[in-house]
There are 2 protein chains.
Amino acid sequence: MSRDANKPSSRPRGAPRRGEAREALMQAALELVASEANFSAISLRRIARQAGVVPTAFYRHFEDLDALGLTLIEDTFRSLRAILRDAALSSMPLKGLVRYSVELFAHYVRDNQLLFQFVVKERFAGTVAMREAIHNEIVLVTNALAADLARFDEFSHISQNDLRVISDLVVNTVITLSERILDVDPDNAEDDALMLRAEKQLRLIFMGVGRWDSQPG
Amino acid sequence: MSRDANKPSSRPRGAPRRGEAREALMQAALELVASEANFSAISLRRIARQAGVVPTAFYRHFEDLDALGLTLIEDTFRSLRAILRDAALSSMPLKGLVRYSVELFAHYVRDNQLLFQFVVKERFAGTVAMREAIHNEIVLVTNALAADLARFDEFSHISQNDLRVISDLVVNTVITLSERILDVDPDNAEDDALMLRAEKQLRLIFMGVGRWDSQPG
DNA sequence: CATGAATGTGAACACGTGTACACTTTAGGT
DNA sequence: ACCTAAAGTGTACACGTGTTCACATTCATG
């Protein structure tokens with residue numbers, strides 16, 4: 001709950017704070033999407049109301065709702081890319097990497113609940129532009145993972161193409177994990193079980209890699 | 001005595017005209033969802049218009065939009081369950097099962113494009129009731145797969161719980177495949193590549209199973 | 001045929017919507 | 001201290017929405 005009441009006319013003849021409204025609109029959209037079905041079910045006016053802003057003010061910051069959505073998606077993945085870069089996963093021993101990665105990711109998803117909930121919902125139900133944006137970002141992550149895996153001796157017998165196939169499977173498994181974490185009641189200890197399951201699945205995949213034969217044809 | 005003896009289907013009391021409008025409404029909803037972002041972005045009136053029916057007629061067949069959506073989900077999975085049952089996958093040799101299953105499923109998804117597109121979009125962006133319905137159906141499929149896998153000698157060393165973990169991974173991989181098939185241009189030969197990738201991923205998983213050790217702790 | 005339930009119809013209502021417009025206020029560079 | 005572009009505000013309009021209500025039609029069954 002915000003401290004000032006949701007009375008729009010209580011503002012002293014104009015809200016001077018700069019750039020604040022833009023942030024407020026984005027946050028409002030996230031909150032509403034989290035409490036409703038999805039983004040397309042929410043109106044511009046509702047977002048403005050939730051942000052404590054007059055409807056027409058929206059246009060000062062975004063061309064339309066689509067632009068807002070794209071900005072949120074961009075923000076999410078910019079932040080995620082930073083996390084993955086700083087984690088420096090490729091400089092770790094493969095042993096224990098799975099557990100560490102899963103915990104890192106799960107933690108991050110929980111810390112950015114609203115953003116990820118937005119992305120999960122819009123991945124298939126969003127506008128064409130949104131869907132494409134999300135898809136492209138996921139492709140980037142998958143490629144980065146493939147490049148990281150290539151540095152491990154355990155993957156030296158895997159062709160570049162197969163590395164991408166494997167990374168794709170890993171990324172999908174992690175995406176599924178995050179979808180489930182977000183579906184669970186926030187303060188629920190149940191997502192330990194979810195993490196354990198994902199961890200098992202990833203270890204299973206890596207076991208398969210040991211027997212995998214990347215020969216042409 | 002009544003003379004409706006040779007009528008196989010006992011219609012409800014009164015004069016239920018052929019459920020023509022009901023079918024039209026469902027089909028209209030599917031078409032609109034396929035061409036728009038998702039279900040919540042479509043109004044009752046638009047569905048009625050597309051179905052060639054007056055708005056108020058909607059209420060003769062469904063309590064509200066949610067009920068329509070739930071019916072579509074139910075239909076999709078009823079049909080899918082039938083396919084999987086008739087396929088009798090568990091009576092096949094494990095060898096070649098992967099390729100066969102992938103092709104069967106891909107074919108089926110393409111044949112029921114609109115239905116699956118609906119389910120994919122509503123899986124995370126739908127109403128709570130819809131999301132739960134879809135989730136429950138997927139759990140059923142996963143359990144059935146686990147039971148099927150248990151019959152193969154190759155899985156005899158796997159604990160029941162791990163069988164579910166593995167089935168879960170397999171189901172998620174297949175779901176991802178269908179999402180991608182639906183994203184692709186319908187008459188595009190590109191989904192052969194998608195099927196090949198999914199097939200590789202499933203074989204990788206089953207390779208891991210060979211080395212998997214289901215011991216407690 | 002007559003009945004009555006299922007089904008179809010059109011008018012009406014109260015309301016939320018996106019957005020254009022003209023206006024005021026603010027903040028930062030000069 | 002001034003000027004100007006950016007940000008904020010209230011009004012207004014045309015339109016689509018869900019849902020109600022009373023009425024018309026259909027048609028298997030008694």
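Numbers restart at 1 for each chain; the letters A, B, ... are given by sequence-line order, proteins then strands. What you are looking at is a predicted structure, and each value in this text was computed from that prediction instead of being measured.
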Legend entry - B:R85: partners by side chain to side chain donor-acceptor pair (under 3.5 Å), with sequence neighbours left out: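 Applying side chain to side chain donor-acceptor pair (under 3.5 Å) to B:R85 gives none.
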Whole angstroms only, please: what is the [atom1]-[atom2] distance between [X] and [N]?
X     : N      : atom1 : atom2 : answer
A:F58 : D:dT9  : CZ    : P     : 15 Å
A:R60 : C:dA20 : CZ    : C1'   : 11 Å
B:L25 : C:dT7  : CG    : C1'   : 12 Å

Legend entry - Gap between atom OH of A:Y108 and atom CD1 of A:I83 - 0.5 Å precision: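 Nearest 0.5 Å value for the CD1-OH distance: 5.0 Å.
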Legend entry - Gap separating the OG1 atom of B:T142 from the CD1 atom of B:I175, nearest 0.5 angstrom: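 The distance works out to 7.0 Å.
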Heavy-atom check, side chain of [X] versus side chain of [Y], under 4.5 Å:
X      : Y      : result
A:Q117 : B:F124 : no
A:K200 : B:L169 : no
A:V139 : A:H135 : yes

Inset, instruction - Taking only the side-chain nitrogens and oxygens of B:H61, find out if one of them lies under 4.0 Å from OP1 or OP2 of C:dA6. - result: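 False: B:H61 side-chain N/O out of range (4.0 Å or more) of C:dA6 OP1/OP2.
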Inset, instruction - Let me have a per-nucleotide readout for nucleotides 12-19 of chain C, 5' to 3', with B, S or -, counting only protein heavy atoms under 4.0 Å. - result: B----BBB
Legend entry - Minimum-distance pair of heavy atoms, taken over all atoms of B:A125 and A:N38: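 Answer, listing the atom of B:A125 first, then A:N38: O-ND2, 2.8 Å.
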Legend entry - Contact list for DNA chain D against residues 27-39 of chain A - heavy-atom distance below 4.0 Å: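 Output list: empty, so none.
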Legend entry - B:D168 side chain vs B:R164 backbone, donor-acceptor pair below 3.5 Å: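 No, B:D168 side chain to B:R164 backbone: no donor-acceptor pair under 3.5 Å.
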